[in-house]
Number of protein chains: 2
Amino acid sequence: MIKIEPPRLRASSDVPGGRRKQRVSMADVARLAGVSSQTVSRVANGSPGVVETTREQVLAAMSELGYRPNSAARSLRYGRFNTIGVILFGLSSIGNSRTVEAIATHAAAEGYAITLIPVGAPTQDNVLGAFTRMGELAVDGVILIIEVHLLDAAAVTLPPGAHVVVVDSDAGDRYPVVDTDQADGARQAVRHLLDLGHHTVWHLAGPAGSFSAERRASAWRQVLEEAGRPVPALERGDWSADSGYRAGLRLAADPSCTAIFAANDQMALGVLRALHERGRRVPEEVSVVGFDDVADAGSYLPPLTTVHQDFAEVGRRCVDALLRQIHDEPSGPGTDLVATRLVVRASTAAPEV
Amino acid sequence: MIKIEPPRLRASSDVPGGRRKQRVSMADVARLAGVSSQTVSRVANGSPGVVETTREQVLAAMSELGYRPNSAARSLRYGRFNTIGVILFGLSSIGNSRTVEAIATHAAAEGYAITLIPVGAPTQDNVLGAFTRMGELAVDGVILIIEVHLLDAAAVTLPPGAHVVVVDSDAGDRYPVVDTDQADGARQAVRHLLDLGHHTVWHLAGPAGSFSAERRASAWRQVLEEAGRPVPALERGDWSADSGYRAGLRLAADPSCTAIFAANDQMALGVLRALHERGRRVPEEVSVVGFDDVADAGSYLPPLTTVHQDFAEVGRRCVDALLRQIHDEPSGPGTDLVATRLVVRASTAAPEV
DNA sequence: CGGTGTCATGTTTACGTAAACATGACTGCC
DNA sequence: GGCAGTCATGTTTACGTAAACATGACACCG
């Protein structure tokens, strides 16, 4: 059973002085155990050189008083916080939340906690505010899940010597970057459609400001050009299923369009809906490929062929790269790409003759 | 433009001693400005009683040295961290990530940062570990997004006087609880189907250990009983679309089943797929209602009628309730329910005659 | 012109921890 | 039996900040 003692009132008179001690310190434990506070510290940290009987007395005193180490004092002493900051715009994007989860899990395994620093909207003020606060935050390093060009728009100065790792961006010349191999994933998607026999592939891209949207779009274009195929006009959405639906209606109106590569699964879902409403059968008449491989993609109608991203691996590598910096191991700017793989389901097929 | 100075090497010789100072402290600023460190403190905190010329000297020295307050020292001094811990199993559930996002945003507005404390799997060891760590964490209070009965299984002791708020649980007798009004949402869903003329409603519930799954299921049962309708056997899934698909195949095999209430949208998606594969038309032959109103629900085939949860409001109220505790304002156990509303789309209709 | 106030600024101290150094007891060796 | 060495434990100090108290300069008053 969980045991929780009722919160004591601030004004209680546990202590003769009338004001109770807010917190149990090593000195309190030391007093009760009849040793010095340094001995308590040694016990708390498992340092050698404490005789078994003494150790037991101290442990008994600790549990009697309910001693908990004060991490503020520890951090002050060590100059480290054992905490990583994660700056992001929002968790609403599925990729972000999965990356953050992986970061949190992996960081916890390494003894680090995660502090979330959300910036509400990509306005200069908000970004600036997040960074100003960051300087004061109890953080040993920062992972940016944010389009760096948005930071560029804000005149922001990171504290010199700040440890930074960037996700999903093109800042590889200035910071270590960890990212999904967007270009290769997009190439796999487009080649898959061409291999099936489609003459060319339409693309529904993400918003113009997004790095990953640009990467996926340019890889799409490149594959088509290399294969000597015509490059249809680009459609743009905002990652949402609704925007995919609207673009899908436009694409459905073009009878020559038999293959669509959507820049994420949600937009692909919208495309599927639009094609269905317009009576264009998937995959018989039109093939659709997504990107991300969200948990639900296998349950779309039809189950979606898509590019699987390993968000967990991205999070893991972010933490590793950041910890390497924090521990002063060699690491400079450069981009670490995580492989993708195409998951073929039922939304793609050879075109009807 | 973002400006970042290259991280200096630990062994640099900025300082005659050979070891550079890790960080700029108030004392350094004070030395440069020719004042005492206390005056620097006064400037930093905007305390009155500093003459304009002095203030300017100090500010100049601060920016020259790139001074940043040390939050560890601040926390030690004040006994507060301005940080809220969030303990959860995972962000993969859509509701969780949206709640966390709202918590982070609202907390930031109140000057608090968020520390994520993930517990990998609901095992005793993991939960215990999270709480043991929590005692050492730099946190003023904790929001639990976790099934409390899982905590009960682990013999865990929260530090006395710990500030706690619980989401999505039945611990209202012991802690303040903030939650979506699960029961009312489920009632709206079931009544909607009955009002359309369905004789009864099948239910695809979430996993047995989940509080919200139980709440939704018992509200479903209650509405049927009150209306004097037969209560079909309960199907169970694990929240995933796949589990919804499997349950959907079973339900599709029963020709008397014309109305299904799935405990979340993802399972509803799986049900839609199963019905489609079995050739049962939605909503003409079978009506389906979900729960959550995820962003994509309007793009399912057909667009899903579902119960909208206001995750942002849940997050906001959690933070408010926790800050109230931290600031010693009156607040005891009890449950604060956030209203839901039924969003009618195209997956429900009157049964065919 | 001395006394009293006011105000800007400096000095001391405490927050909780742990490294570095100090002490004192006991062991073992010649 | 005395001395070096080892080992458990105690004492001092520093980490960066800010409250509490102290100081010293100047102004205004009778």
Side-chain angles (χ1 to χ4, degrees), chain A residues 15 17 19-59 61-62 65-82 135-140 159, chain B residues 15 17 19-59 61-62 65-82 135-140 159:
Chain A
V15 161
R19 284 200 348 258
R20 80 182 175 92
K21 251 189 109 54
Q22 296 286 61
R23 202 166 170 146
V24 180
S25 77
M26 284 192 166
D28 301 315
V29 175
R31 208 169 305 121
L32 180 62
V35 298
S36 76
S37 65
Q38 182 59 353
T39 299
V40 177
S41 167
R42 279 189 265 255
V43 172
N45 295 296
S47 309
V50 180
V51 115
E52 194 49 33
T53 54
T54 311
R55 152 172 269 107
E56 273 160 22
Q57 279 169 42
V58 171
L59 289 174
M62 278 181 174
L65 295 177
Y67 168 77
R68 311 264 171 165
N70 179 317
S71 60
R74 248 188 162 85
S75 293
L76 178 58
R77 188 78 244 279
Y78 286 128
R80 291 183 289 107
F81 298 97
N82 279 349
E136 307 164 12
L137 275 173
V139 152
D140 300 315
Chain B
V15 160
R19 283 202 346 261
R20 82 183 174 90
K21 250 191 110 52
Q22 297 284 63
R23 197 163 175 149
V24 181
S25 77
M26 284 193 167
D28 302 315
V29 176
R31 209 169 304 123
L32 179 63
V35 298
S36 76
S37 65
Q38 182 59 341
T39 298
V40 177
S41 168
R42 279 190 265 257
V43 171
N45 294 297
S47 309
V50 180
V51 117
E52 194 49 35
T53 54
T54 312
R55 153 171 270 108
E56 273 160 22
Q57 281 170 41
V58 171
L59 289 174
M62 278 181 173
L65 296 177
Y67 168 77
R68 310 264 171 162
N70 179 318
S71 59
R74 248 202 216 319
S75 293
L76 179 58
R77 190 78 243 281
Y78 287 127
R80 290 183 291 107
F81 298 97
N82 278 350
E136 307 164 13
L137 276 172
V139 153
D140 300 315

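Each chain gets a letter, A, B and so on, in the order the sequences are listed, and its residues count up from 1.
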Go through the steps for A/R77 and A/N70 under the test side chain to side chain donor-acceptor pair (under 3.5 Å), then give the verdict.
CA-CA 11 Å; A/R77 188 78 244 279; A/N70 179 317; over 6 Å; no

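- The distance between atom CD of A/Q38 and atom C1' of C/dA20, rounded to the nearest whole Å, is 9 Å.
- Considering only the side chain of A/R77, C/dA18 comes nearest among D/dT17, C/dA18, D/dG10.
- Taking atom CZ of residue B/R74 and atom P of nucleotide C/dC15, one finds them 20 Å apart after rounding to whole Å.
- Between the B/S75 side chain and the B/R80 main chain, a donor and an acceptor come within less than 3.5 Å of each other.
- Computed from coordinates, the B/F81 CZ to C/dG16 P distance equals 11 Å when rounded to whole Å.
- When rounded to the nearest whole Å, the span between CG of A/N70 and P of C/dT17 equals 6 Å.
- Remark on DNA chain D: of its neighbouring residues B/Y78 and A/V51, the 5'-side contact belongs to A/V51, judged by nearest-heavy-atom nucleotide.
- Remark: the A/R68 side chain and the C/dG16 base include no donor-acceptor N/O pair separated by less than 3.5 Å.
- Taking the side chain of A/T39 as heavy atoms from C-beta on, and the options D/dG16, D/dA19, D/dT9, the nearest nucleotide is D/dT9.
- The nearest whole Å value for the distance from the CZ atom in B/R31 to the P atom in C/dT9 is 19 Å.
- One N or O on the side chain of A/D28 and one on the backbone of A/S25 form a donor-acceptor pair closer than 3.5 Å.
- Across all strands, A/T54 comes closer than 4.0 Å only to sugar-phosphate atoms, never to a base (heavy-atom distances).
- Between the CG atom of B/L76 and the C1' atom of C/dA14 there is a distance of 9 Å, rounded to whole Å.
- Put simply, B/N45 has a side-chain N or O that comes within less than 4.0 Å of OP1 or OP2 on D/dA18.
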Using the side chain to side chain contact (heavy atoms under 4.5 Å, CB included) rule, take B/F81 and B/S71 through it: C-alpha gap first, then chi angles, then the decisive distance, then the call.
CA-CA 8 Å; B/F81 298 97; B/S71 59; over 6 Å; no

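- Between B/N45 and B/R74, some side-chain heavy-atom pair lies under the 4.5 Å cut-off.
- One interatomic measurement links the two molecules: CG of B/N82 to P of D/dT17, which rounds to 16 Å at whole-angstrom precision.
- Candidate nucleotides D/dT17, C/dT11, D/dT9 were compared by shortest atom distance to the side chain of B/P69, and D/dT17 ranks first.
- Nearest-nucleotide positions on DNA chain C place B/E52 closer to the 5' end than the other of A/S41 and B/E52.
- If you check every strand for non-hydrogen atoms under 4.0 Å, B/S37 touches nothing.
- We find that CZ of B/R42 is positioned 16 Å from C1' of D/dG16, with the value rounded to whole Å.
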